[in-house]
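This report concerns only the one structure given below.
Chain naming here is simple, since letters A, B, ... match the order of the sequence lines and numbering starts at 1 in each.
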Number of protein chains: 2
Amino acid sequence: MKIGNLAHLTGLSVHTIRYYEKIGLLPDASRDAGGRRQYGMEIANWLTFLKHLKATGMGISGMVRYAQLRAEGPQTAAARRQMLEDQRRTVQQQIDALQATLPVLDNKIEIYKDMEKAHVMEADHARDTNTIPRIQQPDKRS
Amino acid sequence: MKIGNLAHLTGLSVHTIRYYEKIGLLPDASRDAGGRRQYGMEIANWLTFLKHLKATGMGISGMVRYAQLRAEGPQTAAARRQMLEDQRRTVQQQIDALQATLPVLDNKIEIYKDMEKAHVMEADHARDTNTIPRIQQPDKRS
DNA sequence: CTAGATGTTCGAGTGCACTCTAGGTCAAGC
DNA sequence: GCTTGACCTAGAGTGCACTCGAACATCTAG
């Protein structure tokens with residue numbers, strides 16, 4: 001499989017795949033006669049797993065650390081499990097943080113619904129500012 | 001209240017507060033005799049709301065748009081409600097995406113537990129690579 | 001045989017959201 | 001009076017994760 005094909009398969013760009021190789025997330029690909037990268041299915045699986053790790057919010061540096069542990073062999077299994085367990089915890093924290101924003105949004109949405117009603121009734125003055133100051137717009141109306 | 005005080009109160013840095021003012025997230029602060037920014041409590045409340053918006057994953061540009069709508073007065077209430085409702089939807093999507101990673105992590109963690117057991121039993125060869133290729137580490141061990 | 005698609009390298013550029021530096025002013029305490 | 005520390009501005013720098021460009025090589029279909 002050539003790099004364009006792999007890119008299509010994984011949804012990553014060709015640029016990104018070469019970038020991942022450069023920073024050590026992918027093994028240096030074997031090349032065909034013309035010097036082009038040749039890939040097998042296992043790389044697609046590895047990239048898919050990397051996409052999952054990325055979806056957990058793990059950054060490049062974390063993924064590189066994971067990849068390096070992996071390269072060191074089975075004796076790092078415990079360390080890798082530890083990383084994944086840590087990451088699981090941060091995922092849960094992210095979920096909790098997002099959950100916590102929902103009532104804040106809902107609250108505001110309700111306030112706006114009331115405001116809209118009031119506005120329609122022409123009693124539309126200064127109920128907008130529930131302790132939050134108005135910002136004079138930078139006047140970018142052409 | 002001076003800027004350092006506000007920074008302490010909101011958990012933002014003084015730099016960040018000035019930056020927020022520059023990009024239009026905060027009204028141009030009134031100044032004391034010496035040209036220093038003076039703040040009231042309502043700014044702290046606004047910053048707190050911005051922190052909530054940020055926690056939803058809304059970027060600076062979105063927050064600026066919201067702030068500008070706000071500045072335009074009550075007739076933009078519906079537009080702002082729309083923004084918040086859209087944002088609520090993206091928060092839910094982010095939560096779902098994170099939730100979906102949990103089984104992937106759990107799965108891997110289980111695989112590693114098995115691997116560790118196997119490793120202890122000295123049957124520790126090549127079970128590590130479940131279709132995922134090994135990366136030769138760039139040999140950065142000092 | 002040739003056009004166009006696809007690949008190569010290296011390095012520069014992008015967008016985001018800060019974060020910091022340099023070089024100054026100003027108010028309060030000793 | 002002087003030092004200390006908080007504040008000021010304008011602009012440069014940072015870290016992340018790509019993303020793109022230039023200039024060139026090679027493969028593939030007609």
Side-chain angles (χ1 to χ4, degrees), chain A residues 1-40 43-44 46-68 87 90 94 97 138, chain B residues 1-40 43-44 46-68 87 90 94 97 138:
Chain A
M1 182 170 21
K2 281 173 292 170
I3 196 170
N5 198 195
L6 180 63
H8 190 77
L9 204 72
T10 58
L12 296 167
S13 78
V14 169
H15 287 308
T16 301
I17 292 172
R18 281 195 286 249
Y19 166 68
Y20 278 8
E21 178 180 308
K22 189 169 59 184
I23 64 177
L25 277 182
L26 297 180
D28 289 0
S30 52
R31 306 302 181 102
D32 68 8
R36 289 165 161 89
R37 290 172 179 80
Q38 277 299 324
Y39 294 105
I43 297 286
W46 174 231
L47 279 176
T48 299
F49 181 63
L50 285 179
K51 282 182 80 173
H52 284 306
L53 278 188
K54 206 165 114 58
T56 69
M58 185 181 283
I60 290 281
S61 60
M63 297 194 293
V64 169
R65 237 173 324 113
Y66 184 88
Q68 285 175 348
Q87 195 58 26
T90 85
Q94 292 175 70
Chain B
M1 183 170 19
K2 281 173 292 170
I3 196 170
N5 199 193
L6 180 64
H8 189 77
L9 204 71
T10 58
L12 296 169
S13 78
V14 169
H15 287 308
T16 301
I17 292 171
R18 283 195 286 248
Y19 166 68
Y20 278 7
E21 178 181 308
K22 190 170 59 184
I23 64 177
L25 277 183
L26 297 181
D28 288 1
S30 51
R31 307 301 182 103
D32 67 9
R36 290 163 161 92
R37 290 172 179 81
Q38 278 299 324
Y39 295 105
I43 296 285
W46 173 231
L47 280 176
T48 300
F49 181 63
L50 286 179
K51 282 183 80 172
H52 284 306
L53 278 188
K54 205 165 115 58
T56 69
M58 186 182 282
I60 291 281
S61 61
M63 297 194 293
V64 169
R65 237 174 325 113
Y66 185 88
Q68 285 175 347
Q87 195 59 25
T90 84
Q94 292 174 70

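- Distance, His15(B) NE2 to dA12(D) C1': 13 Å, rounded to whole Å.
- Taking both residues in full, the closest heavy atoms of Ala67(B) and Leu25(B) are given as CB-CD2, 4.4 Å, listed atom of the first, atom of the second, then distance.
- Within the model, atoms CG of Leu47(B) and CG of Leu26(B) stand 5.0 Å from one another, a figure rounded to the nearest 0.5 Å.
- From Ile3(B), atom CD1 reaches atom CG of Leu9(B) across 13.0 Å, with rounding to the nearest 0.5 Å.
- Across the protein-nucleic acid pair, Arg31(A) atom CZ and dA25(D) atom P stand 16 Å apart, rounded to whole Å.
- Residue Trp46(B) holds its CH2 atom at 14.0 Å from OG1 of Thr10(B), rounded to the nearest 0.5 Å.
- Atom CG of Leu50(A) is separated from atom C1' of dC18(D) by 15 Å (rounded to the nearest Å).
- Between the CD1 atom of Ile23(B) and the P atom of dA10(D) there is a distance of 16 Å, given to the nearest Å.
- Judged by closest nucleotide on DNA chain C, Lys54(B) is the one of Lys54(B) and Ala33(B) placed further toward the 5' end.
- Within the 4.0 Å cut-off from OP1 or OP2 of dT26(D), not a single side-chain nitrogen or oxygen of Arg36(A) is found.
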**OP:** Please report the C-alpha distance between Gln94(A) and Thr90(A) in whole Å, then the side-chain angles of each, then the deciding distance to 0.1 Å, and finally whether the side chain to side chain contact (heavy atoms under 4.5 Å, CB included) criterion is met.
**Re:** CA-CA 6 Å; Gln94(A) 292 175 70; Thr90(A) 85; 3.7 Å; yes
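- Atom CZ in Arg18(A) sits roughly 14 Å away from atom P in dT19(D) (whole-Å rounding).
- Within residues 1-14 of chain A, the residues having any heavy atom closer than 4.0 Å to DNA chain C are, in order of number, Lys2(A), Ile3(A), Gly4(A).
- With a heavy-atom cut-off of 4.0 Å to chain B, the contacted part of DNA chain C has its first and last nucleotide at dA17(C) to dA27(C).
- Annotation: ring-ring contact (aromatic ring centres under 6.0 Å, His included) contacts of Tyr66(A) (sequence neighbours excluded): Phe49(A).
- Contact between Pro27(B) and Ile43(B) at its shortest, heavy atoms only, is CG-CD1, 3.7 Å.
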Original post:
Can Gln38(A) and Ser30(A) be said to form a side-chain hydrogen bond (donor to acceptor under 3.5 Å, both in side chains), step by step?
Top reply: CA-CA 6 Å; Gln38(A) 277 299 324; Ser30(A) 52; over 6 Å; no
